[in-house]
Amino acid sequence: MDDNIEQKYEDFISTVSHELRTPLTSIRGFAQTMLVSWDKLDDESKKHFLKIIEEQSNRLINLVENMLSVTRLQSSSQRFVRKELNIKNPVENVISLVKSQYPNQIFEFNCRKDLPDIFVDAGCFQQIMTNLIENSAKYSYGKFKTRIDAGIMNNDVYIKVTNTGLKIDEKDYEHIFTKFARIDNPLTRRVQGSGLGLYITKNLVEKMNGSISVQSVPENENPELSEITFTVSFPITMIEEQARMKCSQ
Ligand SMILES: Nc1ncnc2c1ncn2[C@@H]1O[C@H](COP(=O)(O)OP(=O)(O)O)[C@@H](O)[C@H]1O
Ligand SMILES: [Mg+2]
């Protein structure tokens with residue numbers, strides 16, 4: 001391996017180990033507390049501890065899911081089962097999952113009524129939305145609010161995920177979608193991450209004929225902060241086209 005790849009690989013192992021260890025330590029800690037102090041704990045506390053164990057397990061599952069995705073994407077053995085999907089419920093489910101991880105974050109979801117279905121693999125769609133909505137909470141700065149807008153533009157269904165945070169330079173608009181890419185700023189240094197989320201997200205979106213882009217616009221009141229929007233779009237497909245795609249998968 002050349003030095004650069006080796007360095008990236010070592011950074012990756014150390015980040016992944018950290019990301020695995022944090023939730024595992026918390027799961028073990030709360031499980032031990034419950035075992036040792038079962039009789040002293042009231043029902044409310046037991047429920048609270050179990051909730052944390054559940055949330056931390058979800059965090060681990062997402063991380064492992066992302067790591068497996070990279071391997072699958074590389075070996076091109078990814079199986080997609082694409083079907084008609086109305087995005088409203090899946091997006092709401094992802095919001096409530098991320099909300100349990102980031103209880104201080106406010107989520108606003110504006111979904112156009114009578115939004116047409118999109119033609120995607122439901123599991124992959126969930127992974128795409130989880131990565132984007134989780135990032136919006138994780139990288140919020142100054143204001144702790146995520147806005148999600150879903151609508152139609154030019155024969156596409158679009159989903160926009162917006163938060164306030166530290167600016168992403170235009171030169172990084174493409175770069176952040178590559179493997180291991182993280183932006184070097186004080187916030188990113190403070191929060192852990194592998195730099196794989198957006199790489200996987202872009203790959204999954206494109207494999208299902210969609211596209212993804214980012215835009216960062218400085219705020220008027222405070223130019224230190226920017227409004228960051230990730231836009232995912234999927235073409236609205238005709239019934240005949242869907243039937244053809246179903247036959248070929
Ligand atoms: N919603 C967002 N707001 C601000 N910065 C973001 C946002 N999403 C992603 N980024 C930046 O893009 C980088 C890559 O994101 P990602 O691929 O999900 O990796 P990770 O979250 O593991 O760092 C992040 O490290 C962060 O610097
Ligand atoms: Mg991420």
Side-chain angles (χ1 to χ4, degrees), residues 19 22-23 48 51-52 54-56 58-59 62-63 66 86-113 115 118 125-153 156-170 172-173 176-177 181-198 200-202 204-205 210-234:
E19 289 225 353
T22 316
H48 176 61
K51 185 90 200 128
I52 295 174
E54 189 200 20
E55 283 162 20
Q56 296 297 328
N58 280 334
R59 196 174 145 190
N62 285 340
L63 178 67
N66 269 346
N86 186 294
I87 64 154
K88 191 159 182 282
N89 279 334
V91 170
E92 279 168 353
N93 290 342
V94 172
I95 291 174
S96 90
L97 206 124
V98 178
K99 173 90 189 155
S100 70
Q101 246 175 288
Y102 296 89
N104 296 328
Q105 186 81 1
I106 294 168
F107 295 87
E108 182 187 313
F109 179 29
N110 309 304
C111 186
R112 181 190 150 129
K113 282 203 191 72
L115 194 67
I118 54 174
F125 181 74
Q126 175 173 343
Q127 206 179 343
I128 291 164
M129 292 321 297
T130 305
N131 280 329
L132 294 179
I133 296 176
E134 204 173 71
N135 274 352
S136 76
K138 188 166 154 187
Y139 298 109
S140 275
Y141 197 75
K143 273 183 214 146
F144 297 88
K145 183 172 164 187
T146 297
R147 206 184 68 230
I148 300 155
D149 298 291
I152 302 177
M153 200 161 67
D156 281 342
V157 167
Y158 69 80
I159 304 149
K160 288 176 185 287
V161 181
T162 305
N163 64 282
T164 301
L166 299 178
K167 73 159 189 268
I168 299 178
D169 282 331
E170 215 171 317
D172 289 325
Y173 282 4
I176 54 169
F177 293 104
R182 305 193 76 214
I183 294 174
D184 188 27
N185 65 36
L187 177 60
T188 303
R189 256 173 265 138
R190 213 171 55 224
V191 298
Q192 283 287 328
S194 56
L196 289 176
L198 289 177
I200 293 162
T201 303
K202 184 178 164 76
L204 293 177
V205 168
S211 64
I212 182 167
S213 62
V214 64
Q215 217 182 3
S216 171
V217 182
E219 289 211 325
N220 287 333
E221 318 102 76
N222 186 352
E224 304 259 288
L225 299 176
S226 289
E227 187 164 275
I228 295 154
T229 304
F230 284 84
T231 307
V232 184
S233 353
F234 290 103

dist Asn135:CG -> Phe230:CZ (nearest 0.5 Å) comes out at 6.5 Å
Which donor-acceptor pairs under 3.5 Å do side chains of residues 101-110 form with protein atoms, sequence neighbours excluded?
from, atom 1, to, atom 2, distance (Å)
Gln105, NE2, Ser140, OG, 3.1
Gln105, NE2, Thr146, OG1, 2.9
Glu108, OE1, Lys145, NZ, 2.8
Glu108, OE2, Asn110, ND2, 3.2
Asn110, ND2, Asp149, OD1, 2.8

Interatomic distance, CD@Glu134 vs CG@Asn66, rounded to 0.5 Å, equals 8.0 Å
Heavy atoms of Leu115 and Asn86 approach each other most closely as O-ND2, 3.8 Å
side-chain contact (heavy atoms from CB on, under 4.5 Å) filter on Thr22, not counting sequence neighbours, yields His18, Arg59
Interatomic distance, CD1@Ile128 vs CD1@Ile159, rounded to 0.5 Å, equals 8.5 Å
(request) Please check if the side chain of Ser136 supplies one atom and the backbone of Asn163 the other of a donor-acceptor pair under 3.5 Å. (result) no
When rounded to the nearest 0.5 Å, the distance separating CG of Asn58 from CG of Leu97 is 5.0 Å
> Run the side chain to side chain contact (heavy atoms under 4.5 Å, CB included) check on Ile228 and Val161 step by step: do they pass?
Replying inline: CA-CA 8 Å; Ile228 295 154; Val161 181; over 6 Å; no
Correct closest heavy-atom pair for Glu224 and Leu166 would be O-CD2, 4.2 Å
Contacts of Lys167 meeting salt bridge (charged side-chain N to carboxylate O under 4.0 Å, His left out) (sequence neighbours excluded), chain-then-number -> Asp169
Self-check item: Gln126, CD: over 12 other non-hydrogen atoms inside 6.0 angstrom
Solution: no
In terms of heavy-atom contacts, Ile118 and Phe234 come closest through CD1-CD1, 3.7 Å
Salt bridge (charged side-chain N to carboxylate O under 4.0 Å, His left out) filter on Lys160, not counting sequence neighbours, yields none
Closest non-hydrogen atoms of Gly197 and Asn131, given as atom of the first, atom of the second and distance, are O-ND2, 3.5 Å
Under 3.5 Å, which donor-acceptor pairs link side chains of residues 211-221 to any protein atom two or more places apart or in another chain?
from, atom 1, to, atom 2, distance (Å)
Ser216, OG, Ile168, N, 3.0
Glu219, OE2, Lys143, NZ, 3.1

Output for pair (Tyr141 OH, Asn222 CG), nearest 0.5 Å, gives 10.0 Å
- Task: Carefully, step by step, assess Val91 and Phe125 under the rule side chain to side chain contact (heavy atoms under 4.5 Å, CB included).
- Result: CA-CA 9 Å; Val91 170; Phe125 181 74; 4.1 Å; yes
Checking Asn185 side chain against Leu187 main chain: does a donor-acceptor pair fall under 3.5 Å? yes
Nearest heavy-atom approach of Ile87 to Ala150 is CD1-CB, 3.7 Å
Here the salt bridge (Lys or Arg N to Asp or Glu O under 4.0 Å) pairs for residues 94-107, sequence neighbours left out, are none
Rounded to the nearest 0.5 Å, the CG atom of Asn62 sits from the OG1 atom of Thr130 at a distance of 5.5 Å
